Protein chains: 4
Amino acid sequence: MTNEQLRIGLIGTGRIGKVHAANIAALPETTLTWVIDPYIAGAEAIAAERGARATADPAEAFASGDLDAVVIASPTSTHADLIERAIAAGIPVLCEKPIDLDIARVDKLAPVVEGSGVPFAVGFNRRFDRDFSLARERLIAGEVGDLEQLAIISRDPAPPTVENLRTTGGMFRDQTIHDFDMARYFAPDIVEVFATGSQLFDDGAKQTSDFDTAMVTMRTSTGVQISITNSRHSSIGYDQRIEIFGGEGMLEVGNAGTSLVSYSNATAVKTTTPYQHFFLERYAEAYLEELREFSRLVRGEESRCSTFADGRAALLLADAAELSAREGRVVRVDLDR
Amino acid sequence: MTNEQLRIGLIGTGRIGKVHAANIAALPETTLTWVIDPYIAGAEAIAAERGARATADPAEAFASGDLDAVVIASPTSTHADLIERAIAAGIPVLCEKPIDLDIARVDKLAPVVEGSGVPFAVGFNRRFDRDFSLARERLIAGEVGDLEQLAIISRDPAPPTVENLRTTGGMFRDQTIHDFDMARYFAPDIVEVFATGSQLFDDGAKQTSDFDTAMVTMRTSTGVQISITNSRHSSIGYDQRIEIFGGEGMLEVGNAGTSLVSYSNATAVKTTTPYQHFFLERYAEAYLEELREFSRLVRGEESRCSTFADGRAALLLADAAELSAREGRVVRVDLDR
Amino acid sequence: MTNEQLRIGLIGTGRIGKVHAANIAALPETTLTWVIDPYIAGAEAIAAERGARATADPAEAFASGDLDAVVIASPTSTHADLIERAIAAGIPVLCEKPIDLDIARVDKLAPVVEGSGVPFAVGFNRRFDRDFSLARERLIAGEVGDLEQLAIISRDPAPPTVENLRTTGGMFRDQTIHDFDMARYFAPDIVEVFATGSQLFDDGAKQTSDFDTAMVTMRTSTGVQISITNSRHSSIGYDQRIEIFGGEGMLEVGNAGTSLVSYSNATAVKTTTPYQHFFLERYAEAYLEELREFSRLVRGEESRCSTFADGRAALLLADAAELSAREGRVVRVDLDR
Amino acid sequence: MTNEQLRIGLIGTGRIGKVHAANIAALPETTLTWVIDPYIAGAEAIAAERGARATADPAEAFASGDLDAVVIASPTSTHADLIERAIAAGIPVLCEKPIDLDIARVDKLAPVVEGSGVPFAVGFNRRFDRDFSLARERLIAGEVGDLEQLAIISRDPAPPTVENLRTTGGMFRDQTIHDFDMARYFAPDIVEVFATGSQLFDDGAKQTSDFDTAMVTMRTSTGVQISITNSRHSSIGYDQRIEIFGGEGMLEVGNAGTSLVSYSNATAVKTTTPYQHFFLERYAEAYLEELREFSRLVRGEESRCSTFADGRAALLLADAAELSAREGRVVRVDLDR
């Protein structure tokens with residue numbers, strides 16, 4: 001398989017599905033062969049555009065002999081079943097986060113996936129971001145000395161609709177889960193979680209008893225401290241920053257601007273244009289890189305893909321945060337369980 | 001008194017005492033008449049330099065008829081007694097933080113000070129910092145809309161000596177207390193505190209069962225969230241930043257550099273010189289402004305000075321943080337008690 | 001033709017030719033049908049990769065009936081002839097700068113091109129740069145008031161080889177010509193040129209009696225002042241900045257970095273990673289946009305493409321700079337002749 | 001004299017005179033003993049405030065036996081005479097720039113001053129600016145390799161009154177003269193000058209046949225290139241920047257801001273408050289440092305003060321610029337004459 005294009009099937013044709021479809025078509029090492037969605041019109045439209053086949057039934061694609069791997073980008077509630085079926089068919093999987101909203105379901109799935117020997121990756125796209133990766137490399141290279149404090153600031157431009165909110169499993173499992181994974185990317189050994197959440201501006205959050213504003217503090221077993229600052233809205237654009245503080249220095253990843261132009265006048269100087277709007281802009285390259293790495297994983301090469309255990313750990317941290325915020329106390333976690 | 005210089009006595013001749021002595025001499029509206037310290041040689045040296053009188057006994061100065069106010073910059077353990085004696089003598093007081101390390105002692109002192117009608121101020125110098133003040137004015141002016149999240153980053157260049165640590169009452173009452181006051185400067189109505197502390201690098205912290213690294217999360221009654229990030233060391237210089245995030249924008253106060261020079265070469269661009277070293281540089285102007293405001297307070301004019309209640313509130317928050325860090329749970333506070 | 005892909009032939013298969021080939025293939029509105037180069041192996045390689053036909057003879061492609069336009073990216077000495085032949089065949093042309101190194105040849109070509117009615121554009125890619133375009137829009141929108149001073153800083157990473165230098169017509173006609181066009185992009189009405197050149201570091205410049213370091217000062221008829229600062233090398237990466245100073249403000253276009261990561265330690269703070277290396281990175285998007293605009297021009301739509309007159313004006317300014325630098329005096333130019 | 005305060009007389013009580021008076025009073029190593037001004041009321045006011053004596057007649061102060069040095073801050077037209085008289089009386093002089101507007105007068109004065117052995121300094125305050133000094137040290141230390149290009153941007157907030165303009169000797173001798181000195185501070189060996197000036201916005205400039213906007217290009221004997229960009233107005237505040245470009249890197253001195261606060265909202269991010277208004281703010285510390293260095297010069301210690309030859313060289317460059325701008329050609333200068 002090494003010298004041929006990886007034949008990939010895409011399950012799910014929403015916003016992220018379309019990103020994956022374009023990327024699978026764009027990379028020289030991958031080609032899109034199947035688009036799978038019960039909403040068959042959506043599948044057919046993308047399939048036509050990319051020269052793939054469409055089906056409402058995953059089984060058809062899995063059995064076609066024309067599929068080396070699948071990317072699952074369907075609604076969260078369908079992930080676990082689809083993973084199970086793909087793994088059973090021996091088809092490698094890249095699944096969008098989260099694996100499932102229910103840790104019990106995830107725990108049941110774990111031995112199935114991990115015992116199968118079939119390549120599996122969770123889509124934590126930020127790990128493939130050029131800047132976060134570079135910062136991590138420089139941390140590992142010792143540029144800041146020992147890590148002492150990590151701050152992750154992550155604010156979305158605007159809250160999801162209330163319909164959407166009902167399916168997310170709450171802010172911690174939906175938005176913060178990316179930051180939990182980022183925290184583990186820099187400091188894997190997390191043992192304690194404290195979280196607080198507020199309803200400050202979003203009616204949808206109130207209607208769904210969810211939060212729109214959150215802060216999380218975590219610790220590793222050696223006492224390294226991690227803070228996550230989240231908001232469901234951000235008037236200044238997509239706010240995605242990390243500060244990595246160590247005994248000998250600090251690394252910072254800043255926001256991505258939309259131009260190199262700055263403006264000064266009598267009342268304000270060095271005004272720059274707004275930050276990029278959202279993840280589709282900020283992480284466009286990261287999604288491509290994720291697919292490259294998944295392609296390596298499927299080919300049996302060394303790969304930086306997130307594992308099933310990474311997906312489970314992020315959900316465990318989200319569950320812990322939810323419990324902590326509800327009960328006002330530190331929650332201990334055992335991510336190695 | 002309005003058109004004459006305010007005659008000020010200084011109690012304590014350590015590092016901060018010397019700053020106050022120079023400032024009292026420099027301001028046109030104040031003059032230094034007494035320097036008071038049981039270590040009489042220290043008092044005499046400063047008195048000689050500034051044309052003041054020296055004494056080891058506060059009573060001598062209080063009774064001299066040559067004193068309109070005192071600045072207390074002696075060790076913390078002496079603050080409460082000196083405040084009591086000055087107030088009894090009808091002498092207005094500017095006292096360095098904290099009032100005392102023991103909230104019970106502070107609570108006993110409260111009615112004495114507040115019932116006396118004698119002007120009293122606590123020395124939370126950062127409130128007089130040009131940049132924090134400006135950011136607060138712009139918050140109040142509505143530039144970010146409603147406040148939602150406040151982040152205070154505050155790292156000292158290096159830990160105190162272990163001897164010094166033994167007298168501080170712990171990191172939260174010594175270092176973080178400034179940040180608790182800053183938090184209330186922007187968001188007064190704090191009701192919940194969570195804190196976590198680590199011993200990561202300082203032997204002194206270990207020997208005194210203190211922390212050298214801390215994170216604090218607080219909430220106001222309306223759900224505004226506040227984070228404080230502290231370290232007892234910072235290789236990059238004095239790290240003193242604030243981020244004020246609201247529904248319509250963000251205000252940031254950055255670090256103060258030591259030059260306007262930046263340098264670029266083949267491996268790194270826009271390298272700037274280190275941040276200012278410590279509070280003596282960063283808050284030099286703030287100490288002057290604090291004294292100006294204290295002078296207004298003594299003259300019965302409108303003043304921005306911190307009150308006794310401000311001093312008590314910061315200590316209450318420090319106590320709550322200590323308790324929270326030791327017990328791993330949210331601690332509720334009632335600052336209006 | 002409006003709803004179909006524009007069939008484009010590429011002449012020249014060097015560094016820039018390859019960029020155009022990839023862009024013609026990537027844009028939905030264009031397709032590569034011919035690759036033309038006397039070095040037929042180069043043409044065949046690109047043609048094979050992109051599904052086009054290869055030939056050493058432009059006439060074959062011009063006569064094929066399978067060509068709506070050509071992009072000329074061959075050596076400068078061939079430009080004028082190729083333009084003449086394409087125009088004679090009624091084929092629209094996008095020609096890389098410069099049209100020719102000899103203004104007499106350009107002047108002879110002018111009526112041929114301009115009288116033909118066949119669409120023609122010169123490839124001044126920087127006009128299509130997102131940031132320079134945005135700055136110009138904001139200048140035109142009046143954000144800085146009347147333009148008073150324009151500063152263009154433009155430094156390449158490293159000098160060309162001496163062989164290459166022998167064919168360039170000198171630094172002003174090779175490197176500065178882009179800046180002359182940028183100057184006219186912001187301030188078209190230039191009437192005076194002063195230039196100075198030095199040989200500071202490049203042996204090739206010495207061997208070819210060329211310069212490696214230059215400064216140019218120009219004026220418009222109303223007294224607006226323009227400075228260009230050039231170097232053939234830049235250890236800090238590709239240095240491409242513009243400052244637009246007017247009576248009511250200033251617009252600045254800064255350099256493009258290679259990451260969002262900054263680093264601080266005890267000796268230096270906010271160190272960022274180097275600037276992008278050269279034009280292929282900095283102007284990648286601009287080349288795509290140029291092709292989009294050329295496609296509009298060919299389709300008879302409104303287009304921002306540089307005209308033959310723009311190409312001639314930049315060469316006139318380069319000639320004037322050369323004369324000025326050699327004679328140490330202001331040279332007046334009439335770009336409207 | 002080394003251990004006693006230097007007794008200084010101040011001649012001239014205008015804006016700069018007042019700065020010097022305050023600085024002489026503030027420095028521990030200097031004391032103000034005389035204030036000299038034909039406008040005796042001005043002299044008396046400052047003398048009273050600072051505990052000095054006032055006179056309209058320099059001779060009285062020179063003969064008083066109570067004067068170790070003078071600072072000349074009177075109108076330019078009086079400088080040469082006052083220098084002559086002070087030097088004749090053996091009194092060391094710090095004279096504000098320029099020495100005189102007429103190079104012939106300066107040349108006549110040169111042997112008088114230089115032959116006298118009496119310490120003499122010209123007040124080019126920017127040489128004492130912390131940031132320009134630091135940049136120069138780093139240039140000399142080799143951080144950018146060999147200097148190749150130097151860019152000085154210098155814009156005042158607003159033009160002088162027309163009355164004031166009539167006495168300045170023109171923009172080059174009044175404003176640019178500081179930049180000519182800065183150019184020599186970094187690249188002393190200047191041999192060629194080209195200048196261009198415009199009347200773009202200031203009626204006063206038109207009425208006095210002066211310029212309000214200027215660009216100057218200069219070269220050293222080895223081909224190092226220097227650009228100066230000047231404007232008589234700047235809506236963004238005092239614009240005082242230097243870029244030092246060499247073979248191995250670049251040093252930049254940026255503008256001085258008025259706060260550490262930045263602001264971001266939906267339309268613009270990282271907006272900072274305006275630059276400092278003018279030289280009194282930007283160079284406040286530099287004036288103090290200049291006086292310290294002058295004090296060293298008078299005491300016979302090593303000093304960084306500008307010499308008479310520095311004052312003459314800056315005027316020669318201004319004269320050359322004026323000639324160049326009027327005649328449209330390069331003017332060669334011999335600063336070592």
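Chain naming here is simple, since letters A, B, ... match the order of the sequence lines and numbering starts at 1 in each. Because the structure is a prediction, the values reported are computed rather than measured.
- Arg155(D) and Gln240(D) are not linked by any side-chain donor-acceptor pair at a separation below 3.5 angstrom, with hydrogens and angles left out of the test.
- Between chain D and the residues Thr217(C), Ile236(C), Thr196(C), the most heavy-atom pairs under 4.5 angstrom are made by Thr196(C).
- Cation-pi geometry between Arg136(D) and Tyr185(D) is satisfied (NZ or CZ under 6.0 Å from the ring centre, within 45° of the ring normal).
- Under the 4.0 Å criterion applied to side-chain N and carboxylate O atoms, Arg127(D) and Asp129(D) are not assigned as salt-bridge partners.
- Options Gly246(C), Gly249(C), Ser235(C) differ in how many heavy-atom pairs under 4.5 Å they form with chain D, and the most are formed by Ser235(C).
- Contact annotation for Glu243(D): only side-chain heavy atoms (C-beta onward) come within less than 4.5 Å of a heavy atom of chain C.
- Between chain C and the options Ala151(D), Gly197(D), Gly145(D), the largest number of non-hydrogen pairs under 4.5 Å is found for Gly197(D).
- Of the atoms belonging to Ser324(D), not a single heavy atom falls under 4.5 Å from chain C.
- If you measure heavy-atom distances from Ile226(D) to chain C, the contacts under 4.5 Å come from the backbone alone.
- For the pair Arg304(C) and Phe128(C), the NZ or CZ position fails the cation-pi test of under 6.0 Å to the six-membered ring centre and within 45 degrees of the ring normal.
- Only the side chain of Asp239(D) comes within less than 4.5 Å of a heavy atom of chain C; its backbone N, CA, C and O stay farther away.
- Of the listed residues (His233(C), Arg329(C), Glu192(C)), the greatest number of heavy-atom pairs within a distance under 4.5 Å of chain D belongs to His233(C).
- Contact annotation for Ser234(C): both backbone and side-chain heavy atoms come within less than 4.5 Å of a heavy atom of chain D.
- Residue with the most contacts toward chain D among Gln199(C), Arg219(C), Met250(C): Arg219(C) (heavy-atom pairs, distance under 4.5 Å).
- Proximity to chain C (any heavy atom under 4.5 Å) is restricted, for Asn230(D), to the backbone atoms N, CA, C and O.
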Stepwise salt bridge (Lys or Arg N to Asp or Glu O under 4.0 Å) check, Asp310(D) with Arg184(D): CA-CA 8 Å; Asp310(D) 290 326; Arg184(D) 290 189 60 252; 3.0 Å; yes

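- Side-chain atoms of Asp202(D) never come within 3.5 Å of backbone atoms of Pro159(D) as a donor-acceptor pair (strictly under, hydrogens ignored).
- Between Asp107(D) and Arg312(D), at least one side-chain N (NZ, or NE/NH1/NH2) sits under 4.0 Å from a carboxylate O, which counts as a salt bridge.
- For Ser227(D), the parts sitting under 4.5 Å from any heavy atom of chain C are the backbone and the side chain alike.
- In this structure, Val193(C) and Leu317(C) approach most closely via the heavy-atom pair CG2-CD2, 3.7 Å.
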